[in-house]
Structure formats: C-alpha cells, structure tokens
Number of protein chains: 2
Amino acid sequence: MPKVAESTVRRLSLYLRFLEEFEEQGTATVSSEALASRGGTTSAQVRKDLSFFGSFGKRGLGYQVAELASRLRQILGLGGRYSVALIGAGKIGTALFEHHGFRDRGFDIVAIFDRDPAKIGSVWSGIAVSDVAELERVLTANPVDIAILVTPADAAQEIADRLVRLGIKAILNFAPVQLNVPHEIAVRTVNLVLELEALSYALTNR
Amino acid sequence: MPKVAESTVRRLSLYLRFLEEFEEQGTATVSSEALASRGGTTSAQVRKDLSFFGSFGKRGLGYQVAELASRLRQILGLGGRYSVALIGAGKIGTALFEHHGFRDRGFDIVAIFDRDPAKIGSVWSGIAVSDVAELERVLTANPVDIAILVTPADAAQEIADRLVRLGIKAILNFAPVQLNVPHEIAVRTVNLVLELEALSYALTNR
DNA sequence: GTTTGTGAAACGATTCACAGCT
DNA sequence: AGCTGTGAATCGTTTCACAAAC
C-alpha cells in the first residue's frame, strides 16, 4: 500500500471508468496515450500513476482492458460492497438516496437518519428513517462502513463526533463546514457553494 | 489579477466563510493563526494566500474582520448576483434548485431545462421548466452567467457543446463525465461516485 | 512583544526522455 | 518499430524564518 497523492487516486477512478467504457465497446487493449486523451491528462501521467502499484502493461503493446480494470478495482477496494448510512433526509439527502449511481457502484445505503419527527418512522424503499438520536443504537446493531453527512451546518460537527466515537472510518460530508476529526478518519467534503465561488473567481478574473 | 492556484481560491472561500462567522460573533480582528486553525491550515499558508492579492493586515495586530471579508468578496467576484441555468430537473437538479445556500450567496437560478415532457411546462417557484430543445432560444433571450449541468452522462457533452456555442463562460458539472470544452471556459466537476471511491481507497489501504 | 509580508528552502507532483521489453 | 516503466529534471505549492511594522 504505497502512499500516493489524492490526485492520483482520483485519476485511477477515472481510468477505471474509461476502461469500463472501452470494455463495453469491446476494445481489448489500450495504450497509456488512449487512456490519457480520454481523461484530459498525459500518457506519462497515466504510466506514473499506475507505476505506484505495479506494472500492468506490456511494452510495445499497451494494457489489457479487462485485466487493468480488475487491478484498479482491487487497488481502489471496489471488490465487494460497502454499507452506508445517510444522515439527513432533506432535499439533497433524498436525492442521494435515490441516486442509482451509488448502488450501481457497490455503495448500499442501509440506514437513514433525520431529526424531523414528520420523517422519522416513514419507510423509503424498505429502509425506515430513524431518529438521529438513535444513531448509536442503530449503528451499533448494524455497523456501516461509510457515513454520508447531509445535515445543516450547525449539526454536522456534533454528528461527526458521535460517528467517530462509533468507530466510523470514512465520512462523505455535504455540510458546508470544515469537519474536525482525527486524521486517521477519511473525510471528503463536497461544498457546493465553494464550487460556485471558484467559478465566480474564474469569471471575474478573466 | 494574479494567477493563483485552484487550491488558493478554495481556501479564500473558506476564509470568507470563517470571517463571516467571526463577524456574527462580533469579533473585530483576527490573526492569520486564528483563521488557519479554523480552517485546518497554517498561518503561513493564510498569509501567503492573501499576499497574492495585496496586504490587508496590520503587523502586530492582525486583520480587520469586516474589511478582510469585503476584500475577499471583491477578489472572488461576489459583489453582485449571478444568474444561473439549471439543466436537468431530476432528483439532484431539484434538490439543488431548492437548496437555499445558492440564493443566499448570490447565485439565482433563473432558468430550468429538462427533456421529460412530464416536467416541461410545470412551474417551480415561478420558473417554468423549459424543453432542453429550447436551450438556445431561452438562453439567447435571457443569458445566464453559469450553467449547472445535472443531466445523465450520455447527454452531458452534447449540452456542454451547445452551452459553449451560446457563449457560456462557466459550468458546474454534476454529470459523471469528463467534459471537453475550450480551456477559457471554467468547469468544475462534482463526481459523487468518485468521492466515495476515494473513501473506498482510504478504507482498504489502511 | 506581537503578527504581518515575503524571499528562500523544502517538499511534492508532473513532465521529460530514454533504456528495456515485446 | 512501438509502448511501457522509471529515474532525472522541471515545475508548482507549501513551509520556514526573519526583517519590517505596529
């Protein structure tokens, strides 16, 4: 398990996506150049990214599409399925729950929490919405691998603390705050307003 | 307009958020150290980030909260309001439309498009959903600054091409594809599955 | 005494370029 | 001949450390 940059991991995910497209089209081998042009990077970058994990190609030939895809799945830990808790059943939480892309790629939402009494107890595609006060009870009985946090900003840190105490190892955070958690816990924050502000900067500064 | 890294711009947005919190609490001045600890970075990083745009602090004292916030808004181009087109009125598109954070920060969704006849013509908070076939007509009559693309993967590139032809300058892309657009057009892609896969990598590799 | 602003140093990531297989 | 794998060179970002300002 070499230590590689975040940016490398992101590109590996992209390469996997492209390989799956090549696979569907029936392409058997690809060059680093083909993968690169598909993903807006360079062939040297592709080869360097892969080289952190081994050598998967044949010189003069390229990479076997199916084999490289399988290796990337293994590297990214996408062999099996992950169970996921969704915390916050508002608009965005609901949209994420109904988003098929997650299930399709091995991420199963198996628990939903909210603090709104109107939502608690309702059943969504077979999953009951629990009171967020029950977080400890529910996730102790049925532990999950990943939590998706979609609460208002003011609740996010408190829930994150409780998740950490429950031993969670990975959090996908949509609350517009910088979560404070021990460094061994993986956190990715998606801050939608931040993305728009980056576009605003680009628009104003030519 | 100095050329600064993407990562710097993201941090400036974060600093602005923190400054607004300090402002609410009635704090009048902050040090680079205070901003840094709030945002998980270092004081040197904060000072370097700001130094690209000028010198806004007083040595020995720190920064005036209100003044620095105002400077950051100016740097980020957040003085006025932006008009935004939402393309794709599915689950995530709907959630984004109803997301108050955008309006609160100056981004007004003023046009909605979809290709589903069941949705076309319905009116959401005063905005009629248009047929995506009408994209050119509607956006020529009422141009927007930013497009938020929330279409299925297979439609995204075609719509992006049409947006570029319409002269759009910034796209926030939620479709899980790598958009191919001229380099002078600002694109930020939010790929939710990619974020989960990055967590998967972190989980499997310790 | 405190904290900024900033060159210089350190670090990290990307690109180059070519030897080594096929 | 073609394409990978990889050290070395380059480029960009972060951190250091300190003189200057208050």
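Below, read A as the first sequence line, B as the second, and so on, with proteins coming before strands; counting in each chain starts at 1.
Partners of B:Asp161 under the side chain to side chain donor-acceptor pair (under 3.5 Å) rule, at least two apart in sequence or in another chain, are B:Gln157. Remark: B:Lys119 pairs with B:Ala89, B:Asp114, B:Asp116, B:Val129 by the side chain to side chain contact (heavy atoms under 4.5 Å, CB included) rule, at least two apart or across chains. Applying the side chain to side chain contact (heavy atoms under 4.5 Å, CB included) criterion to B:Ser7, with sequence neighbours excluded, gives B:Ala5, B:Arg11. Residues passing the side chain to side chain donor-acceptor pair (under 3.5 Å) test with B:Glu98 are A:Lys91, sequence neighbours excluded. Residues that satisfy the side chain to side chain donor-acceptor pair (under 3.5 Å) test with A:Arg137, not counting sequence neighbours, are A:Glu134. In terms of the side chain to side chain donor-acceptor pair (under 3.5 Å) criterion, residue partners of B:Ser43 (sequence neighbours excluded) are, by chain and number, B:Arg47.
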Mind listing the N/O atom pairs, protein and nucleotides 1-7 of chain D, below 3.5 Å?
unit_1: D:dG2; atom_1: N2; unit_2: A:Gly60; atom_2: N; d: 3.2
unit_1: D:dC3; atom_1: O4'; unit_2: A:Gly60; atom_2: N; d: 3.1
unit_1: D:dC3; atom_1: O2; unit_2: A:Gly60; atom_2: N; d: 3.1
unit_1: D:dT4; atom_1: OP1; unit_2: A:Ser32; atom_2: N; d: 2.7
unit_1: D:dT4; atom_1: OP2; unit_2: A:Ser32; atom_2: OG; d: 2.7
unit_1: D:dT4; atom_1: O2; unit_2: A:Arg59; atom_2: NH1; d: 3.2
unit_1: D:dG5; atom_1: OP1; unit_2: A:Phe56; atom_2: N; d: 3.0
unit_1: D:dG5; atom_1: OP1; unit_2: A:Gly57; atom_2: N; d: 2.9
unit_1: D:dG5; atom_1: OP2; unit_2: A:Tyr63; atom_2: OH; d: 2.8
unit_1: D:dG5; atom_1: O4'; unit_2: A:Arg59; atom_2: NH2; d: 3.0
unit_1: D:dG5; atom_1: N7; unit_2: A:Arg47; atom_2: NE; d: 2.7
unit_1: D:dG5; atom_1: O6; unit_2: A:Arg47; atom_2: NH2; d: 2.9
unit_1: D:dG7; atom_1: N7; unit_2: A:Lys48; atom_2: NZ; d: 3.4

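Over its full length, the helix from C:dG1-D:dC22 to C:dT22-D:dA1 turns its helical axis through 0°, comparing axes from the five pairs at each end and rounding to 10°.
At a threshold of 4.0 Å, the pair A:Arg17-A:Glu21 does not count as salt-bridged, since none of the basic side-chain nitrogens sits closer than that to a carboxylate oxygen.
When heavy atoms are screened at a 4.0 angstrom cut-off, A:Thr41 is found touching no nucleic acid atom at all.
For B:Thr8 and D:dG12, the shortest distance from a side-chain N or O to OP1 or OP2 is not below 4.0 Å. Of the side-chain N and O atoms in A:Gln45, one or more sit less than 4.0 angstrom from OP1 or OP2 of C:dT15.
Between B:Phe52 atom CZ and C:dG7 atom P there is a gap of 11 Å when expressed in whole angstrom units. Taking atom CG of residue B:Asp49 and atom P of nucleotide C:dT4, one finds them 13 Å apart after rounding to whole Å.
Each ring pair (Phe, Tyr, Trp, His ring centres under 6.0 Å) pair with one or both residues in residues 72-103 of chain A, not counting sequence neighbours, appears once here: A:Tyr82-A:Phe107, A:Phe97-A:Trp124, A:His99-A:Phe102.
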